[in-house]
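Worksheet: one structure, shown below.
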Amino acid sequence: MVHRSAREGAQEVRVSASETRVALVTGASRGIGRAIALRLARDGRHVVLASRSEGPLKDLAATITEAGGSASVVALDVGDAEALRAGVEGVIEKHGRLDIVVNNAGITRDNLSLRMTDDEFTEVIRVNLTSAFVTARTAARAMMRNKFGRIVCIGSTSGVVGNAGQANYAAAKAGLAGLCKSLARELGGKGITANVIAPGFIETDMTAALPAEIKDKVVQAMAIKRLGQGEDIAAAVSYVSSDDAGFLTGQVICVDGGLTMA
């Protein structure tokens, strides 16, 4: 039975605490995050769309609700640990639960290591890694009460094999693997899983700026001769966050067309 009606970001949502799983997706306004949000909504989740500003998310929330899904928006600054904790707690209080967390928000500050500043390094670690820890730690308490939870971190193949000019980014993404493996061991007995989905080269605003010759070189190195789509990552997230994936935890799953299998 639906028992809660809330007004969030000018979108009226109705959430069932007994039937509808609630999923929080950070960095949901575009690219991979947007694709993940659309897929989870299609899977029947109530999707809480998060970014630093609610404005860009309202159109996405409208798209989801017009298609028969359920969505709301919330402003979360993942770079501010205390504000992030309070924001996630607010989501839990509003909906009475939080079943799925997708830590997708991230930034790049690329530079060669010898030229990289301390600020460039620590900012990427704070936004891409520390935020995932804060979100998971806060959400885990609600998940433990319901004896169900899915913590999903969006990593990168850069965190698996490294990448020149991305020491900060690769370190943060590699850190997500250690974080999720530790969470998996700590929380597995409570019905909570933690996994990393590591995208390869995906067609996004970021990769659109790359020269054609670089993209062609990457494609030639892949077993599947195309760049990935946001929907490829969303499909993997859909599975690892599902009820069927209860025996899958502590894994780094590279969704990269075979780029890093060597």
Side-chain angles (χ1 to χ4, degrees), residues 8-9 21-29 31-34 36-37 40 45-54 57 71-107 122-146 148-156 159 169 171-188 190-199 233-234 236-237 240-241 249-252:
E8 295 178 12
R21 298 211 185 278
V22 175
L24 171 66
V25 181
T26 67
S29 62
I32 291 173
R34 177 183 175 87
I36 291 170
L40 292 181
R45 316 307 188 192
H46 171 76
V47 185
V48 181
L49 311 167
S51 72
R52 285 203 299 177
S53 173
E54 294 183 0
L57 298 173
S72 54
V73 305
V74 63
L76 287 182
D77 182 358
V78 300
D80 183 334
E82 184 57 29
L84 176 60
R85 179 198 59 77
V88 175
E89 287 180 345
V91 171
I92 295 167
E93 182 179 0
K94 180 175 290 291
H95 298 290
R97 65 191 299 156
L98 182 53
D99 306 284
I100 301 162
V101 166
V102 183
N103 290 301
N104 170 72
I107 61 171
T122 56
E123 183 181 11
V124 170
I125 295 297
R126 184 179 72 252
V127 172
N128 294 13
L129 178 57
T130 304
S131 68
F133 168 70
V134 172
T135 302
R137 181 183 61 188
T138 308
R141 294 187 174 97
M143 293 174 175
M144 289 172 67
R145 289 196 295 269
N146 289 334
F148 177 93
R150 300 287 185 261
I151 298 168
V152 185
C153 292
I154 304 303
S156 169
Y169 186 78
K173 295 302 187 179
L176 291 175
L179 172 63
C180 282
K181 288 176 185 294
S182 298
L183 292 172
R185 292 184 183 278
E186 293 178 8
L187 301 173
K190 305 295 184 180
I192 301 169
T193 66
N195 293 286
V196 176
I197 301 297
I233 307 306
V237 172
V240 300
S241 64
T249 195
Q251 301 303 307
V252 178

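Sequence positions, counted from 1, serve as the residue numbers for this chain.
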Show the nearest heavy-atom pair for residues [X] and [Y], with the distance to one decimal.
{"X": "Leu40", "Y": "Ala23", "answer": "CD1-CB, 4.0 Å"}
{"X": "Gly159", "Y": "Lys173", "answer": "CA-CB, 3.8 Å"}
{"X": "Ile192", "Y": "Ala140", "answer": "CD1-O, 4.1 Å"}
{"X": "Leu129", "Y": "Gly175", "answer": "CD1-C, 3.6 Å"}
{"X": "Ile92", "Y": "Ala139", "answer": "CD1-CA, 4.3 Å"}
{"X": "Met143", "Y": "Gly149", "answer": "SD-CA, 3.6 Å"}

Roughly how far, to the nearest 0.5 Å, is the [atom2] atom of [Y] from the [atom1] atom of [X]?
{"X": "Glu123", "Y": "Asn128", "atom1": "CD", "atom2": "CG", "result": "9.0 Å"}
{"X": "Leu176", "Y": "Phe133", "atom1": "CG", "atom2": "CZ", "result": "12.5 Å"}
{"X": "Thr193", "Y": "Ile100", "atom1": "OG1", "atom2": "CD1", "result": "9.5 Å"}
{"X": "Arg141", "Y": "Leu98", "atom1": "CZ", "atom2": "CG", "result": "13.0 Å"}
{"X": "Arg150", "Y": "Thr249", "atom1": "CZ", "atom2": "OG1", "result": "8.5 Å"}
{"X": "Glu186", "Y": "Met144", "atom1": "CD", "atom2": "CE", "result": "10.0 Å"}

Within the distance-only criterion (no hydrogens, no angle test), does the side chain of [X] pair as donor or acceptor with the backbone N or O of [Y] below 3.5 angstrom?
{"X": "Glu93", "Y": "Val91", "answer": "no"}
{"X": "Asn104", "Y": "Ile154", "answer": "no"}
{"X": "Ser29", "Y": "Leu57", "answer": "no"}

For [X], what residues pass the side chain to side chain contact (heavy atoms under 4.5 Å, CB included) criterion, not counting sequence neighbours?
{"X": "Arg185", "result": "none"}
{"X": "Thr135", "result": "Leu24, Leu84, Val88, Val101, Asn103"}
{"X": "Ala171", "result": "Phe121, Ile125"}
{"X": "Ala236", "result": "Ile197, Val255"}

task = Could you list the residues that satisfy salt bridge (charged side-chain N to carboxylate O under 4.0 Å, His left out) with Asp99, not counting sequence neighbours?
result = Arg21, Arg97
query = What do the steps show when you test Asn195 against Val152 for side-chain contact (heavy atoms from CB on, under 4.5 Å), and what is the final call?
reply = CA-CA 5 Å; Asn195 293 286; Val152 185; 5.6 Å; no
query = So, do Lys94 and Ser72 sit near enough that their side-chain heavy atoms are less than 4.5 Å apart?
reply =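 Side chain of Lys94 against side chain of Ser72, heavy atoms only: no contact under 4.5 Å found.
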key: Side-chain heavy-atom pair Ser241, Val102 within 4.5 angstrom cut-off   = no
ask   = After noting the C-alpha distance and the side-chain angles of Val47 and Ile36, does the key distance pass the side-chain contact (heavy atoms from CB on, under 4.5 Å) rule?
value = CA-CA 10 Å; Val47 185; Ile36 291 170; over 6 Å; no
inquiry  = Applying side-chain contact (heavy atoms from CB on, under 4.5 Å) to Ser131 and Thr26, what does each step give before you reach the verdict?
reply    = CA-CA 10 Å; Ser131 68; Thr26 67; over 6 Å; no
key: Contacts of type side chain to side chain donor-acceptor pair (under 3.5 Å), residue Arg85, not counting sequence neighbours   = Glu82, Glu89
